[in-house]
Structure formats: C-alpha cells, structure tokens
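Only one structure is covered here, and it is reproduced in the block below.
Just the heavy atoms: all of them, side chains too, but no hydrogens, waters or symmetry mates, feed the values below. Both counts, for ligands and for their atoms, begin at 1 and track the order of listing.
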Amino acid sequence: MQLARTGVKKLILIDPDQVSLTNLQRQALFNEEDVHKKHLKVLAAREHLHRINHEVEVQALPAPLSVELLTELNYDLVVDCLDNYQARDLINRMACQLGFTYVFGSCAGNFGNVMLIDPAKGPCLNDVFPNLEDLKATDCDLIGVTTPLIPLVASSQVSLALHYLVDPTSIAYDQLITIDSWGMDFTKFQIQKRPTCPVCTANQIVVEQTPSTQVRSLCGSNTYMLDLTTQLDLNELANWLVDRKIEVAKNPKFIRFTFNDNELSAFQSGRLLLYGAPNLDDAQNQFDRFLAVTSHILNR
Ligand SMILES: [Zn+2]
C-alpha cells in the first residue's frame, strides 16, 4: 500500500492464498467483502491498490513462490512479506545465486525483524540466523501477531526499500533492526558475514524445492497444495470442466474453478491448490474425488 502511494512504478505480487476472515485482524488492505467474495489475495490487493493509485502497474500472481518465478521475472528489489522460513530460505539462496537484493521482514507476537540483505555486499539470512534449518523445521508453528506490529515492520521495510531504490550506495547491508511493539523499542544490531557460512560462501548454491506430492496445507491458511508428477494441459482440463457446466476463470498460467463446492486452481506445472477446506483429511478427500474423475486428463 505504501509503495503504491509513493508511486513505485510496478509491483509484482506473489501469493497463492485467498482472503479469509482471520486475515482481517492484521492485513490492512483487505475487508469483509473480499472474504465473502472468496477473492484471491493478489487479485483483491490489485483492485485496492488501483483505487489508491491507478498509475501503478500491478502484476498479480496467485502462485506459491518458486525458483522459476524468481528466475523468470524482472525486478529491482524483492520484499519479503512471508510467514514462513521455508520460503525465506528460498529467497535467500536465490539472492545468493542470482545476485538480487531483498528486504527481509518477520513478525511474531510483539516482535519484528527487518533487514536489507544482499549476500554480495553483506551477510545473508543464514548469517543472521545460523539456526535457519531449525526455523524451517518449526514452520507453521503459528504464533499470533499483534495488529500494530505489522505496520511498524512494513513501514520499516518500505523505508529501506525506498532508500535502496533511490540510492543503493548510501545504505547499510549489515544492519538487523528489531522492533518490540509492546516495549516500544527499536534496536539495531550489526551482523557479521560468517566466512564459513554454508549458504553464501558456497561455490555452488543449493536450492531445494521439493514438490509437494503429498497434500499439505499452506502456512496459517485453509489452502491446500498438491503437485502432480506431470505437467497439465490446462486447455483440455478447462474444456472438460466447461462440458460439465463448470465455470472456468482462465489466466495465462493457471485456471480457477469450483468443483464439488470447493474452489480450486490448477497450474500448468501440475500444481493444484484447493481453498477453504476445514482440515487436511477433508482436503485429501476433495483432491481424491477430483483426481478420480479427471485421471484420464491429468495422468497424461
Ligand atoms: Zn551467509
């Protein structure tokens, strides 16, 4: 929202999720109408951002963050607005590999962290958190977050983003800023690059991206993901659905439709997302039912 107001020319939004009621406590861009309409977050965000500043180009990608997206897209800066360390590790490793700069930001309870990271100029995320592997393992151990912390962290990220975009030479790449919104404390720590860091000093950057061949939930949401082992022919699937009087919203890389009262997205890559299932078992059942009737298309 702040980046749109300041007139940043283009924003690319990546998020696979749809707006749910529990987001409204902290995600200031969304409202109850978005929840009722079961809006995808990036599409709802694009709508609201255009109402703030119609001149900003907003590219909305309702997909999980991936190596492919970070490699294919054109951007000057990445802003981490994530809720899990699995994806943060992916950004960090890709920043080492591709050489981009990003603004790290995280929130939990009343505590937030912010840092401008460019592994070529300073420490990487693994130098800040040498226990990154543990943080990844405890992914989705959800701690709540207080409402006023989010804009404090977001504003700090936007400050760094603007400073970087205007003058990348006069900004520090080794400062971790911690924010305590209860004790009202801002603290800065200087972080050293570790000469033995297995991530940013490695000759070969390893980016793990294991496909989700088992149904799993996306952090903190009722959205579930399943990766098929083959690519999908979206036209064929769309035609099959339309033949059964199912309405299909077509996008360049994915289609979205309702099947048995459940919202689904199918991606060319073979990824399926199911929205709004109450739990993992239910999501598994819904996927099974969908796969049973579409196996002649999906298994090709
Ligand atoms: Zn490092």
Side-chain angles (χ1 to χ4, degrees), residues 12 14-15 64-109 111-141 143 145 149 152-180 185-211 219:
I12 305 172
I14 304 175
D15 190 316
L65 184 72
S66 65
V67 170
E68 292 72 32
L69 284 176
L70 285 169
T71 310
E72 287 167 11
L73 292 165
N74 270 323
Y75 46 87
D76 296 309
L77 179 69
V78 172
V79 183
D80 155 16
C81 310
L82 292 157
D83 59 1
N84 69 88
Y85 277 90
Q86 201 86 35
R88 287 197 182 104
D89 183 53
L90 176 71
I91 289 190
N92 189 54
R93 285 171 193 267
M94 291 304 287
C96 296
Q97 195 178 80
L98 301 174
F100 62 76
T101 307
Y102 73 99
V103 191
F104 158 67
S106 72
C107 296
F111 294 97
N113 300 300
V114 176
M115 185 171 169
L116 185 73
I117 294 181
D118 185 333
K121 300 189 177 102
C124 80
L125 191 63
N126 196 64
D127 300 306
V128 185
F129 300 110
N131 61 338
L132 199 56
E133 284 304 313
D134 299 335
L135 292 171
K136 278 166 67 183
T138 56
D139 249 6
C140 294
D141 276 358
I143 313 167
V145 60
L149 176 67
L152 286 171
V153 168
S155 292
S156 307
Q157 285 185 282
V158 171
S159 283
L160 288 174
L162 294 176
H163 188 159
Y164 172 80
L165 293 171
V166 171
D167 183 8
T169 58
S170 70
I171 194 164
Y173 295 86
D174 61 353
Q175 303 286 312
L176 173 70
I177 300 139
T178 64
I179 299 164
D180 171 359
D185 255 342
F186 271 69
T187 313
K188 255 198 219 176
F189 296 92
Q190 190 173 21
I191 306 293
Q192 304 282 344
K193 198 174 178 79
R194 287 185 301 150
T196 56
C197 173
V199 179
C200 62
T201 64
N203 291 327
Q204 185 88 35
I205 311 287
V206 184
V207 184
E208 285 168 27
Q209 192 177 231
T210 36
C219 281

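Going from atom CG of N126 over to atom CG of N131 covers 9.0 Å, rounded to the nearest 0.5 Å. The line from OG1 of T187 to CG of L176 is 9.5 Å long, rounded to the nearest 0.5 Å.
Here the rule is side chain to side chain contact (heavy atoms under 4.5 Å, CB included) with M115, and of I177, V103, T178, I191 only I191 fits it.
For the Zn ion (ligand 1), the N/O/S atoms of C96 include none lying under 2.8 Å.
Rounding to 10 degrees, one finds that the Zn ion (ligand 1) sits at the corner of an angle of 110° between C124 SG and C197 SG.
D127 has its closest N, O or S atom to the Zn ion (ligand 1) at the position named OD2.
Distance alone, capped at 3.5 Å, is enough to place a donor-acceptor pair between the D127 side chain and the C124 backbone.
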